[in-house]
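These notes are about the structure you will find just below.
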Amino acid sequence: MMTRDYSLTWLTTDTFGELVDSGRPVVALVPVGSVEPHGPHLTLLTDTIISKGVAQVAADRLLAEGIEPLVAPAVPYGVTECAGRFAGAVSIPARALTAYLRAVIDALLAQRVTHVCLVNNHLEPAHDGAVRAAAAGRPPGRVSVACPLSRRWARTLTDEFRSGACHAGRYETSLVLALEPDGVDDAIRSELPEVRVSLSEQLRAGVTDFVDMGLDRAYAGAPAAASAAEGRETLDALATMVVTEVLEALEELGVRTGDRDE
């Protein structure tokens, strides 16, 4: 698990310059989330917390590969239309998100960062599309997107996630318990009944509103069954997703990785 903080928060202009001059590949991980209702028991920043936590754990592994990882400031706003009828849904247009992320990517690359990975854990399809559009058209190997909506990664995650009944349920609640337990109201969580509504099935059927799906309290799945232990296991799987996406992109660039020289 995480052994140090890799965020840009603690860098000066001199220390940033030393990293990009080091001769080692520098990878910026940009956590992307949302301000979105996650039931009566989880913080509105659930997706952002997950993306930041995944990026930090992935950074540890990238360092072991001889890569200098940086966790950039998170982008906490996203496309949040599905939950729009609940208090606290702060949604921005997809085109605005795409334009902003493109600008962030270009600015990081201009600072001689080798590769930028957008780490996204807000799974609304329109949001995912906006994130991927920001990465499109960039030079091969310079930008990647790590998101569990990809079938390749979805199959590595929990049964609840694969069922599609996973918004603020056992899957996400476990992750927040592992990362930021203060973001979970345990008294409420323990009393919540399971809601067996598959968001993926509803979306395929053209239903794009949580209330119309049957999520009358803005959650699906079984939050009462969540645990920090499961969250840590899932965090490990999500970090593997990020590391693999980055290493494959660096290989495409022809960048050699391996054990870090101390």
Can you give the donor-acceptor pairs under 3.5 Å from side chains of residues 25-32 to other protein atoms, not counting sequence neighbours?
none

Show the numbers, then the answer: is there a salt bridge (charged side-chain N to carboxylate O under 4.0 Å, His left out) between Glu18 and Arg24? CA-CA 10 Å; Glu18 288 168 5; Arg24 292 184 292 272; over 6 Å; no

Test salt bridge (charged side-chain N to carboxylate O under 4.0 Å, His left out) on Asp159 and Arg170; report intermediate values, then the result. CA-CA 10 Å; Asp159 290 343; Arg170 178 172 177 168; over 6 Å; no

Apply the test side chain to side chain contact (heavy atoms under 4.5 Å, CB included) to residues Leu238 and Leu157: give CA-CA distance (whole Å), side-chain angles for both, the deciding distance (0.1 Å), then the verdict. CA-CA 8 Å; Leu238 290 170; Leu157 299 174; 4.0 Å; yes

Working for side chain to side chain contact (heavy atoms under 4.5 Å, CB included), residues Val197 and His167: CA-CA 9 Å; Val197 175; His167 180 76; over 6 Å; no

Derivation and outcome, salt bridge (charged side-chain N to carboxylate O under 4.0 Å, His left out), residues Arg232 and Glu230: CA-CA 5 Å; Arg232 288 188 289 271; Glu230 179 175 309; over 6 Å; no

Apply the test side-chain hydrogen bond (donor to acceptor under 3.5 Å, both in side chains) to residues Asp128 and His122: give CA-CA distance (whole Å), side-chain angles for both, the deciding distance (0.1 Å), then the verdict. CA-CA 7 Å; Asp128 179 64; His122 175 47; over 6 Å; no

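Under 3.5 Å, the side chains of Ser150 and Arg132 contain a donor-acceptor pair of N or O atoms. Using a 3.5 Å distance cut-off with no hydrogens or angles, the side chains of Thr43 and His38 do not pair a donor with an acceptor. Defined by atom type and a distance below 3.5 Å, a donor-acceptor pair is present between the side-chain atoms of His127 and Asn120. No hydrogens or angles considered: a donor-acceptor pair under 3.5 Å links the side chains of Ser144 and His115. Side-chain contact check for Thr15 and Thr12: at least one donor-acceptor pair (N or O, by modelled atom type) lies under 3.5 Å. A side-chain donor from one of Glu81 and Ser91 sits under 3.5 Å from a side-chain acceptor of the other.
Atom CZ of Phe86 is surrounded by more than 12 heavy atoms from other residues, nucleotides or ligands within 6.0 Å. Within 6.0 Å of atom CD in Glu251, 12 or fewer heavy atoms from other residues, nucleotides or ligands are found, so the atom counts as exposed in its surroundings. Under a cut-off of 6.0 angstrom, the local environment of CZ in Arg151 is sparse, with at most 12 non-hydrogen atoms contributed by other residues, nucleotides or ligands. Atom CZ of Phe16 is surrounded by more than 12 heavy atoms from other residues, nucleotides or ligands within 6.0 Å.
Hydrophobic clustering (side-chain heavy atoms under 4.5 Å, transitive across Ile, Leu, Val, Met, Phe, Trp, Tyr) groups Ile105 together with Val131.
Residues meeting the salt bridge (charged side-chain N to carboxylate O under 4.0 Å, His left out) test with Arg95, sequence neighbours left out: none.
The closest side-chain heavy-atom distance from Lys52 to Leu179 is not below 4.5 Å. Inter-residue side-chain proximity for Thr158 and Phe161 is flagged as met; some heavy-atom pair is nearer than 4.5 Å.
The backbone N or O of Val113 sits less than 3.5 Å from a side-chain atom of Arg142, completing a donor-acceptor pair. Judged by distance alone, with hydrogens and angles left aside, the side-chain atoms of Glu124 form a donor-acceptor pair with the main-chain N or O of Cys82 at under 3.5 Å.
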